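In what follows, chains carry the letters A, B, and so on, assigned in the order in which the sequence lines appear, proteins first and then strands, with residues in each chain numbered from 1. None of the values given here were measured: they were computed from a predicted structure.
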Amino acid sequence: MSERTPQHRYTAELAGRIERRWQDRWEREDTFASANPAGPWATPQDPRLADGREHRVVMDMFPYPSGAGMHVGHPLGYVATDVHARFLRMTGANVLYAMGFDAFGLPAEHYAVQTGQHPRVTTEEAMSTYRRQMRMIGLSHEPRRTFATIDPDYVRWTQWIFQQIHDAWYDPEADPRPGSGQTAPGRARPIGELVEQFSDGRREVPGGRPWGELSTAEQARVLDGYRLAYVSAAPVNWCPGLGTVLANEEVTADGRSERGDFPVFKRNLSQWMMRITAYADRLTDDLDRLDWPERVRLMQRNWIGRSTGAQVAFPVPTTSGAEASLEVFTTRPDTLFGATFMVVAPEHPLVGQIVPETWPTGTKDAWTGGAPSPLAAVTAYQRQAAAKSDVERQTEGKAKSGVFSGAWATNPVTGAQVPVFVADYVLMGYGTGAIMAVPGQDERDWDFALAYDLPVVRTVQPTPDHPEDQAFTGDGPAINSANDEVSLDGLGVEDAKERIVAWLEQTGRGRATVTYRLRDWLFSRQRYWGEPFPVVWDEDGVAHAVPDDQLPVTLPDVPDYAPRTFEADDADSEPEAPLARATDWVHTTMDLGDGRGPVPVRRETNTMPNWAGSCWYYLRYLDPENAAAPVDPAVEGYWIGPREETVPGAPEGAADPGGVDLYVGGVEHAVLHLLYARFWHKVLFDLGHVSSEEPFRRLINQGMIEAYVYRDARGFPVPAAEVEEHTSSDGGPSTFTWQGQPVTQEYGKMGKSLKNVVTPDEMVEQFGADTFRVYEMSMGPLEQYRPWETRAVVGSQRFLQRLWRNVVDEDTGEVTVTDEALSPDLAKALHRTIDAVGSDYAALRTNTAIARMIELNNLLTKLDAVPRAAVEPLVQMVAPVAPHLAAELWERLGHDDLTYAPFPQADPALLVEDSVTAVVQVRGKVRDRLDVAADISEADLEALALGSEKVQRFLDGAPVRKVIVRAPSLVNIVV
RNA sequence: GCCCCCGUAGCCCAAUCGGCAGAGGCAGCCCACUUAAAAUGGGUUCAGUGCGGGUUCGAGUCCCGCCGGGGGCACCA
């Protein structure tokens with residue numbers, strides 16, 4: 001570095017010294033501690049808890065700490081929330097801003113498998129890197145509220161919540177909890193209340209036997225049909241390549257694991273499930289009460305997939321001569337008259353009862369699949385369907401396959417005999433696993449009818465331009481839709497639905513119903529590095545909760561952390577959990593508190609999925625050291641309880657659901673984490689543990705910082721930082737070279753293998769943390785994706801340098817501000833800036849706030865001497881984005897720490913202009929500008945405009961037809 | 001195939017209610033400082049808003065249809 005650089009210039013080196021000094025001081029003085037009204041940390045005398053004082057919870061989605069540390073993209077959201085938290089503190093709010101770690105998970109486990117090192121060790125190392133980086137960039141998290149999901153104290157409460165869920169059932173008839181904004185009935189209740197209903201006969205026991213006559217194991221099985229966390233043997237997603245089962249949400253559309261991209265197979269396995277489907281309606285409805293991005297709400301609505309329609313019974317004879325009822329679900333009951341055949345899923349239970357021994361009369365050749373008998377045909381088809389992986393079903397596209405079951409059902413409105421087919425385009429997991437096929441109004445049914453030579457009856461009149469050879473799925477008048485009792489003819493789709501459903505209900509043939517795409521959440525994993533279930537199995541095979549005083553159940557040490565993995569396409573393999581190998585841990589004795597004393601038990605060897613810890617961490621921030629509850633209800637109510645005002649855009653009359661005031665994170669969690677957390681929160685609400693109905697009142701998805709990737713002639717990425725750009729002189733595109741070799745440029749993610757990673761460490765080293773923060777925030781709106789450009793960072797550095805120079809002499813280090821009064825123009829500029837910056841910060845428009853501050857700072861730079869009265873408010877305004885520099889200047893200006901210094905207030909008197917420039921347009925084109933008084937009347941302005949010489953020239957004697965006046969800024973003359 | 005978001009200067013981005021297209025930054029160019037360069041400071045060039053229609057006195061903004069980019073869903077009855 002040159003010796004010419006002034007000694008007191010705001011360089012990266014000086015910035016570094018300032019930043020470390022203030023970071024140390026803030027830590028020493030616990031500057032960012034917020035006040036709790038109750039619980040172990042109660043400080044009721046804290047002035048911030050006084051009536052009428054604002055309180056806000058601001059947080060980011062906590063990170064999974066990867067061994068590589070952060071690149072510049074990761075802290076974008078963190079800086080944004082930090083700026084907001086710091087701004088809110090200056091407005092006097094009690095601000096809870098904390099950060100933890102989502103620390104269970106697969107990467108650490110993989111690393112442990114490779115190295116034999118315990119995953120806790122690598123995880124702790126990664127966390128300390130993250131902590132160092134977050135401190136380095138000046139994030140004002142409250143240190144005492146931090147924790148990791150792997151901390152035994154946290155695991156204890158995660159397990160406790162699991163037990164609450166396990167010990168609860170959903171009563172769809174129960175009134176909502178008082179204080180809920182719910183409009184329909186339905187609430188989780190303790191399982192004990194269900195047992196009471198069974199034993200005193202208020203509720204019939206499934207199976208019909210009295211409750212008292214059931215064995216413990218039988219009772220447990222009945223209760224498993226109700227519990228919100230239950231074990232079920234059901235088709236689940238088995239991924240041999242990972243050696244674990246997966247939730248639906250973790251399987252991609254083409255039937256592979258989201259992580260690792262291995263094939264996933266449906267296997268019937270006994271696994272833990274969470275009854276999230278019980279909450280499908282509330283999870284959909286309450287989206288309206290949240291201030292969330294519309295696209296996230298849409299994704300959740302689609303995922304839940306509520307569709308309303310009707311269930312209709314089609315009589316079908318069984319082979320034993322009885323008459324069964326084939327229930328179908330349809331969203332188009334209005335097309336019932338056009339149902340010319342039926343299709344059931346290959347796994348449908350009724351198939352076994354309706355398939356006759358020989359092909360009935362009327363069987364067409366195309367229907368038999370060449371088989372000698374229906375039984376042979378159906379069995380072969382079922383076998384074929386079962387062997388298909390989801391991948392194969394996908395790659396076969398939309399070509400329809402199926403086979404006639406040999407059974408004929410009766411269409412309940414037409415009385416027609418309709419053939420029943422078995423086909424895999426109907427899914428057992430959705431609706432009733434059976435459909436009525438209406439080729440006239442459904443494209444899939446049309447395809448099938450075409451392939452299998454089945455009749456088509458149109459029951460909605462297609463529009464005149466609709467092709468003859470296609471199903472018509474639009475709206476139109478019903479046709480061919482009448483019998484002796486009911487006629488839909490002439491009705492539109494909606495009216496026809498209503499009339500036919502009424503008739504079905506009247507005659508007992510069907511009823512209005514709702515189905516969902518959402519399935520229950522598969523909650524167990526065959527992994528080591530996760531929360532153990534707080535569950536043991538007794539010798540009768542009954543699951544018991546581990547008594548509360550024995551929580552947390554901690555992971556045993558095992559010699560091998562790996563689940564048993566298999567060939568990725570070995571569909572017949574079975575999951576084997578790593579914990580099963582810790583035999584001493586698995587087999588133990590335990591007093592279950594049921595009077596039997598210590599009995600031999602076997603521990604559950606599955607672990608919870610990595611989503612468990614992130615389902616409730618925001619609650620623990622509120623009261624992290626509470627030993628009696630996950631969170632003190634008074635603390636929860638204070639911080640995230642429902643507010644008086646509803647969120648913007650909420651429907652009229654909706655109640656505020658409560659929740660975190662601001663939650664910032666990536667859109668990749670739109671369905672998984674955010675749906676699971678909402679579900680847990682609602683259970684906790686129903687059971688009375690929290691007063692809020694939703695975890696996150698307001699959500700913002702921050703954009704991603706992307707970067708250029710440069711590849712050499714062979715296509716290999718070269719270090720992006722060493723690439724040279726050559727701008728072409730004729731305005732054409734730039735070319736790029738690396739070590740003299742031409743390279744190509746593309747745009748994408750930042751990643752180690754792409755050799756384009758930029759770390760916050762490098763940026764802090766080169767520019768200082770405050771410059772880094774200002775740059776990240778000035779790149780554009782928070783939600784936006786944007787490219788990283790290191791060479792542009794200097795602009796933010798220059799801003800801070802100029803600000804520094806406006807206060808401190810670069811050569812002497814002396815404070816140079818004067819006590820002169822502000823000129824009227826400067827005062828106005830200052831107060832306009834204060835006004836704009838304040839509202840920009842409040843609305844998270846940090847990019848425009850920074851632009852305003854740069855503007856004001858540039859004005860001050862031009863002055864011979866900078867007045868204290870102008871630069872002090874500017875320093876205060878800068879504090880949220882450049883907190884260390886601002887604190888340093890504030891101190892040099894003779895004050896103490898400005899973390900809680902009040903944000904400057906704009907003087908309304910200085911915001912109004914005396915005179916403004918009015919634009920005069922002729923035919924919408926600007927023809928003149930007039931300086932007029934700000935309070936000029938419309939009539940005066942009109943007269944003034946019409947009198948303008950320039951205007952008269954453009955009017956050129958043409959008659960004025962109309963004059964639009966928007967005093968004081970605009971006049972438009974229409975001729 | 002269906003749905004959602006985004007297209008403003010060479011680049012990143014501003015533009016309350018529909019009212020003068022430009023706040024801020026990068027790059028470029030010119031100048032000052034310098035033996036020189038970097039750094040720093042000062043000045044300055046640059047678009048009519050992806051395309052085509054429409055509504056309106058007036059459209060970047062509202063409506064319709066395309067094009068381009070990104071994302072979600074995809075046999076869900």
Side-chain angles (χ1 to χ4, degrees), chain A residues 1-2 4-6 9 11 253-254 293-299 302-303 305 307 309 328-332 335 343 393-394 396-400 423-427 429-438 441-445 447-448 515-518 667-668 670-671 704 725 727-728 731-734 747 774-775 778-781 783-796 798-799 801-802 805 810 836 839 845 847-855 857-858 861-862 917-926 928-929 961-964 966 969-975:
Chain A
M1 276 294 127
S2 161
R4 276 182 207 284
T5 304
R9 171 162 293 178
T11 58
D254 53 351
E294 183 51 36
R295 69 173 163 156
V296 174
R297 293 192 287 175
L298 196 72
M299 282 197 260
N302 287 342
W303 186 261
S307 52
V328 302
F329 172 74
T330 176
T331 55
R332 292 293 303 276
T335 64
V343 184
R393 284 198 186 191
Q394 186 67 24
E396 282 170 21
K398 304 209 178 207
K400 298 282 177 294
D424 67 1
Y425 82 93
V426 171
L427 312 173
Y430 184 79
T432 61
I435 61 156
M436 62 176 209
V438 188
Q441 274 75 231
D442 184 285
E443 284 161 11
R444 295 152 304 180
D445 297 345
D447 292 346
F448 195 85
T515 55
Y516 306 87
R517 208 187 82 113
L518 183 71
V667 71
E668 66 274 16
V671 173
M704 207 183 276
E725 178 171 4
T727 49
S728 81
S734 298
Y747 181 56
V774 169
Y775 175 66
S778 58
M779 289 165 82
E783 294 87 344
Q784 197 152 304
Y785 283 61
R786 72 287 304 267
W788 181 264
E789 204 183 351
T790 297
R791 66 175 180 176
V793 179
V794 68
S796 302
R798 286 182 192 142
F799 162 49
Q801 276 178 347
R802 278 196 280 257
R805 205 180 299 123
E810 282 191 337
S839 53
R845 292 188 301 256
N847 55 325
T848 50
I850 291 170
R852 294 286 196 157
M853 291 187 283
I854 291 174
E855 203 180 354
N857 191 49
N858 288 349
T861 302
K862 291 190 178 84
T917 305
V919 173
V920 185
Q921 301 177 329
V922 178
R923 285 191 215 91
K925 294 225 182 330
V926 179
D928 198 7
R929 289 165 222 269
R961 282 205 297 154
K962 196 173 169 189
V963 181
I964 286 115
R966 291 283 177 275
S969 58
L970 179 127
V971 179
N972 190 7
I973 299 163
V974 190
V975 293

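Scanning for side-chain hydrogen bond (donor to acceptor under 3.5 Å, both in side chains) contacts around A/R517 gives an empty result, with sequence neighbours left out. Partners of A/Y775 by ring-ring contact (aromatic ring centres under 6.0 Å, His included), not counting sequence neighbours, listed by chain and number: A/W788. Residues passing the salt bridge (Lys or Arg N to Asp or Glu O under 4.0 Å) test with A/E855, sequence neighbours excluded: none. Partners of A/F448 according to the ring-ring contact (aromatic ring centres under 6.0 Å, His included) rule, which considers only residues two or more places apart in sequence or in another chain, are A/F341, A/F421, A/Y425, A/Y452. Not a single side-chain contact (heavy atoms from CB on, under 4.5 Å) links A/E668 to another residue, sequence neighbours left out.
Pairing for B/C57 goes to B/G19, judged as Watson-Crick or G-U wobble with the two contacts each under 3.5 Å. Across all strands shown, B/C51 is found opposite B/G65 as a Watson-Crick or G-U wobble partner, with both distances under 3.5 Å. If you check B/C46 for Watson-Crick or wobble pairing at under 3.5 angstrom, you find it has no partner at all. For B/C26, the paired base is B/G10 (Watson-Crick or G-U wobble, both distances below 3.5 Å).
In this structure, CD of A/E855 is placed 5 Å from C1' of B/A23, rounded to the nearest angstrom. Spacing between atom CD of A/E789 and atom P of B/C26 amounts to 11 Å, rounded to whole angstrom units. Note: OH (A/Y775) to P (B/G25) measures 14 Å, nearest angstrom. Distance, A/R802 CZ to B/G24 P: 11 Å, rounded to whole Å. For the pair A/E810 CD and B/G41 P, the computed distance is 8 Å after rounding to whole Å. Spacing between atom CZ of A/R805 and atom P of B/U40 amounts to 9 Å, rounded to whole angstrom units. Put simply, CE on A/M853 is 13 Å from C1' on B/G25, counting in whole angstrom units. The distance from atom CE of A/M704 to atom C1' of B/C5 is 15 Å, rounded to the nearest whole Å.
Applying the 90° cutoff around 0 to the glycosidic angle, B/G18 is assigned anti. In this structure, B/C17 is classed as syn because its glycosidic torsion stays within 90° of zero.
Rounding to the nearest 0.5 angstrom, the gap separating the CZ atom in A/F799 from the CD1 atom in A/I854 is 5.0 Å. To the nearest 0.5 Å, atoms NZ (A/K962) and CD1 (A/I973) are separated by 13.5 Å.
Within the nucleic acid shown, A/Y785 comes within 4.0 Å of sugar-phosphate atoms alone, with no base atom in reach, counting heavy atoms only. Residue A/A792 is in sugar-phosphate contact alone, with no base atom involved, counting any heavy-atom pair closer than 4.0 Å across all strands shown. Note on A/P293: nothing from the nucleic acid sits closer than 4.0 angstrom, heavy atoms only.
For A/R517, a side-chain nitrogen or oxygen approaches OP1 or OP2 of B/A74 to under 4.0 Å. When the side-chain nitrogen and oxygen atoms of A/Q784 are compared with OP1 and OP2 of B/C13, one or more of them lie within a distance under 4.0 Å. Applying the 4.0 Å criterion to OP1 and OP2 of B/A77, one finds that A/S307 has a side-chain N or O inside that range. Distances shown here put a side-chain N or O of A/R798 below 4.0 Å from the OP1 or OP2 atom of B/C26. For B/U16, neither phosphate oxygen OP1 nor OP2 lies less than 4.0 angstrom from any side-chain nitrogen or oxygen of A/R845.
Comparing B/A27, B/A23, B/G24 by their nearest atom to the side chain of A/N858 picks out B/G24. Distances were taken from every side-chain heavy atom of A/N847 (C-beta onward) to each of B/C13, B/U40, B/A77; the shortest belongs to B/C13. Closest to the A/T331 side chain, of the nucleotides B/C12, B/A23, B/A77, is B/A77. For A/T861, taking side-chain heavy atoms from C-beta onward, the closest of the listed nucleotides B/G42, B/C4, B/A23 is B/G42. Each of B/C75, B/A14, B/G43 was ranked by its minimum atom distance to the side chain of A/K862; first place goes to B/G43. Considering only the side chain of A/V426, B/A77 comes nearest among B/U40, B/A14, B/A77.
Within a 6.0 Å radius of CZ in A/R852, no more than 12 heavy atoms belonging to other residues, nucleotides or ligands are found.
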If you restrict it to nitrogen or oxygen atoms, what contacts under 3.5 Å exist between nucleotides 57-63 of chain B and the protein, and what is each distance?
residue : atom : partner : partner atom : Å
B/C57   : O2'  : A/N972  : ND2          : 3.3
B/C57   : O2   : A/N972  : ND2          : 2.3

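Side-chain contact between A/V296 and A/V667 is present, with heavy atoms from C-beta onward closer than 4.5 Å.
Looking at which nucleotide of RNA chain B each of A/Q801 and A/W303 is closest to, the 5′-most match is held by A/Q801.
Atom name C1', nucleotides B/G60 and B/G42: the rounded distance is 33 Å, in whole Å. B/G7 and B/C11 are spaced 15 Å apart, taking the P atom of each and rounding to whole Å.
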